[in-house]
Amino acid sequence: MTSPILVGKNARRFTAPSVIPGFGLTFGYTLIYLGLIVLFPLATLIWWSSELGLSGLYAIASEPRVAAALRTTFFISFAAAVIDLFFGLIVAWVLTRYDFAGRRLLDAFVDLPFALPTAVAGISLAALYSPNGWFGAPFADYDIKIAFTRWGILVALVFIGLPFVVRTVQPIVSELEVELEEASATLGAGRLQTVLRVMLPPLAPALLTGFALAFARSIGEYGSVIFIAGNIAYVSEIAPLLIVVKLEQYDVAGATGIATIMLVISFAALLLINLVQAWSRRRFGHV
Amino acid sequence: MFEIAIAPADDRGAKFRPVTQDSPLARYALIVTAVLFLALFLLAPLAIVFVEAFSKGIAPFLAAFDDPDALAAIRLTLLVAALAVPANLVFGLAASWSIAKFSFPGKSILVTLIDLPFSVSPVVAGLVYVLVFGGQGLFGPWLAAHGVQIIFAVPGIVLATIFVTFPFVARELIPLMQEQGKVEEEAALTLGASGFKTFLTVTLPNIKWGLLYGVLLCNARAMGEFGAVSVVSGHIRGLTNTIPLQVEILYNEYNNVAAFALAVLLAGLALVTLGLKTFLEWRHADALAGRARRH
């Protein structure tokens, strides 16, 4: 990273002198396009919610149906991110450290939830877990319903969040230093002790980051959830769906209120990620 | 350094295991767990799309594409991608040029703001455009007075799609062009090439694979976007339904075969995208930005 040396008559320049042309054009276009497409519409949302005020937001959040949807979204997203954390670590470990037939293919398929349109994921998960589907039928024999209940939401969010954990943890697993493992072994640690106390701690920041990314994505997820959730008010209704419902009822203020609360939650998750990474850089020297 | 200490000596036979390897049992259990989990959670949902689409044979599958509404949805999806992807491509080039080739204060804030759409729920992305252009929105009354419709029409769908695919090209190009620095461009310019010629003959060849990578991901999301588009579309058959929205309508009408037939198109797009992406990461890894920060 070059730092501009702003001295003398260059002190008033915005950018350091350079022979490369086009700064004004590209920088100006970047700002205008970013402003028009992203910042101005988001500012409109903030302006709308500032009209509601804190008391207005609180009133919307404490409507029983909204409160139930926010709770459902929050807790199931959290549970899904925990499941992704556990299996994501195993998948990242296996794909990075072991070699077996089909490993590269599986590795490529980890990104499927990024590439598969959410509506397609939604209808296929609903088909799989409905009472007469491949996975739903065995459970239906024991009177357990997965699709069209909260379990369905959990399944969809686990699907959506998995690549975030795997792709965040994978590069760190591949960078684990074999010298540390050897040192640990020569000092008398068993294999399990080495894994738990020498190899897993450096993975903690990446695991936390992956967890927060999966959680933030799950909070906002819509397409893959609504087909399998059943969308029963107070039970299996998610917050993004309630925004759509409010808009269909022309309750723009209500929709804005829920959207603002969701934005606050996902920005808090982002802030957590940045804090974790800052801490990790100090503690481990990498992200 | 100490390989000799841990290298398997022949006379110890097959039972010897280096201290840095997990026991065969643990290894086997972990591989089985990972493969089973991926098969159940990733491969099964993909497989069921094709199974359901062809569950009644080839003819009903093909019949799903005889529907004028389905064809209109395919045309609209192609149109939206044809507008949204180039728009974000041009933006990605402009943003990465200004961010990677120049120093200015507030750069990291700008990079964070470019990534912002990824942390916004698709439904909220649709909602913000309703707040700007909708009937009760900021410009709603003015637009209505002038007979311009953006929400529940194609312009709203294009705008919402641009929003959700906004960072894809830029976030691939910015780190890539930062890694490559500006020495080659400076050399070309001091040798007398014009700025535009420098971009075309020096910069573009350096970033072409990264650019293609970003465009691929941007296009996949643009064609498959559901939440944001659903909010602004109005679901008018034959007019404002993209493929994902048409899939939803058919599915809700219990027209499973037709819904999954259209879903096969999108699943095929996802497979092609994954295939090309994997190929680029394998064949042109050195021409892509550091693999550590994907997505």
Side-chain angles (χ1 to χ4, degrees), chain A residues 2 4 14-16 18-23 26-27 29-30 33-34 37-38 41-42 44-45 48 87 90-91 94 98 100 106 108-109 111-112 114-121 123-125 127-128 158-159 167 171 178 181-182 185 191 216 220 222-223 240 243-244 252 255 259 262 266 270, chain B residues 2 19-20 27 30-31 33-34 37-38 41-42 44-46 48-49 52 91 94-95 97-98 101-104 113 116-117 119 121-124 127-129 131-132 136 138 162-163 166 182 185-186 189 195 220 224 226-227 231 244 247-248 251 259 263 266-267 270 273-274 278 292 294-295:
Chain A
T2 54
F14 180 63
T15 175
S18 167
V19 293
I20 296 178
F23 178 74
T26 55
F27 185 70
Y29 184 74
T30 301
Y33 189 78
L34 176 71
I37 297 288
V38 177
L42 280 177
T44 313
L45 177 79
W48 269 78
F87 285 102
I90 293 178
V91 169
V94 165
Y98 304 151
F100 53 94
L106 273 185
F109 268 107
D111 280 333
L112 184 74
F114 287 143
L116 194 68
T118 54
V120 178
I123 63 170
S124 60
L125 288 173
L128 277 178
V158 167
F159 172 83
R167 292 302 186 225
V178 74
E181 291 175 58
E182 288 168 7
R191 183 62 188 160
Y222 176 70
I243 294 181
V244 174
V252 178
M262 283 172 49
S266 48
L270 269 191
Chain B
F2 297 107
V19 289
T20 55
R27 171 192 286 255
L30 286 174
I31 290 179
T33 308
F37 184 80
L38 292 179
F41 271 85
L42 297 186
L46 183 66
I48 196 82
V49 175
E52 289 280 337
F91 164 73
W97 183 267
S98 62
K101 305 291 181 197
F102 300 92
S103 335
F104 54 87
L113 288 177
L116 199 56
S119 27
S121 166
V123 172
V124 177
L127 171 71
V128 293
Y129 284 103
L131 295 180
V132 175
Q136 302 178 52
L138 202 56
I162 290 179
F163 184 101
F166 188 86
K182 51 187 179 180
E185 280 82 4
E186 283 168 348
L189 288 161
F226 177 73
V231 171
V247 167
E248 181 195 21
Y251 184 81
L266 295 173
T273 304
L274 275 187
T278 309
R294 285 264 162 269
H295 309 288

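Convention: sequence-line order gives letters A, B, ...; per-chain numbering from 1. All of these numbers come straight from a predicted model, not from anything done at the bench.
- Counting heavy-atom pairs closer than 4.5 Å to chain B, the top residue among Ile123(A), Leu34(A), Val120(A), Val19(A) is Ile123(A).
- Between Phe102(B) and Phe27(A), the distance separating the two ring centers is not shorter than 6.0 angstrom.
- For Phe23(A), the parts lying near chain B are the backbone and the side chain together; criterion is any non-hydrogen pair under 4.5 Å.
- With a threshold of 4.5 angstrom between heavy atoms, Ile20(A) approaches chain B through its backbone and through its side chain.
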Subject >> Test log, rule side-chain contact (heavy atoms from CB on, under 4.5 Å), inputs Val38(A) and Leu113(B) >> reply: CA-CA 9 Å; Val38(A) 177; Leu113(B) 288 177; over 6 Å; no

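- Between chain B and the residues Thr118(A), Leu128(A), Thr44(A), the largest count of heavy-atom pairs under 4.5 Å involves Leu128(A).
- Judged as a salt bridge (charged side-chain N to carboxylate O under 4.0 Å, His left out), and not counting sequence neighbours, Glu52(B) has no contacts.
- Heavy-atom distances place no part of Ala216(A) under 4.5 Å from chain B, backbone and side chain included.
- Closest heavy-atom contact between Val132(B) and Pro41(A): CG2-CA, 3.9 Å.
- For Phe226(B) and Tyr222(A), the ring centers are positioned less than 6.0 Å apart.
- In this structure, chain B has no heavy atom under 4.5 Å from any part of Ala121(A).
- Residues Phe41(B) and Phe87(A) keep their aromatic ring centres 6.0 Å or farther apart.
- With hydrogens and angles ignored, the 3.5 Å screen pairs a side-chain donor or acceptor of Thr15(A) with a backbone N or O of Ser103(B).
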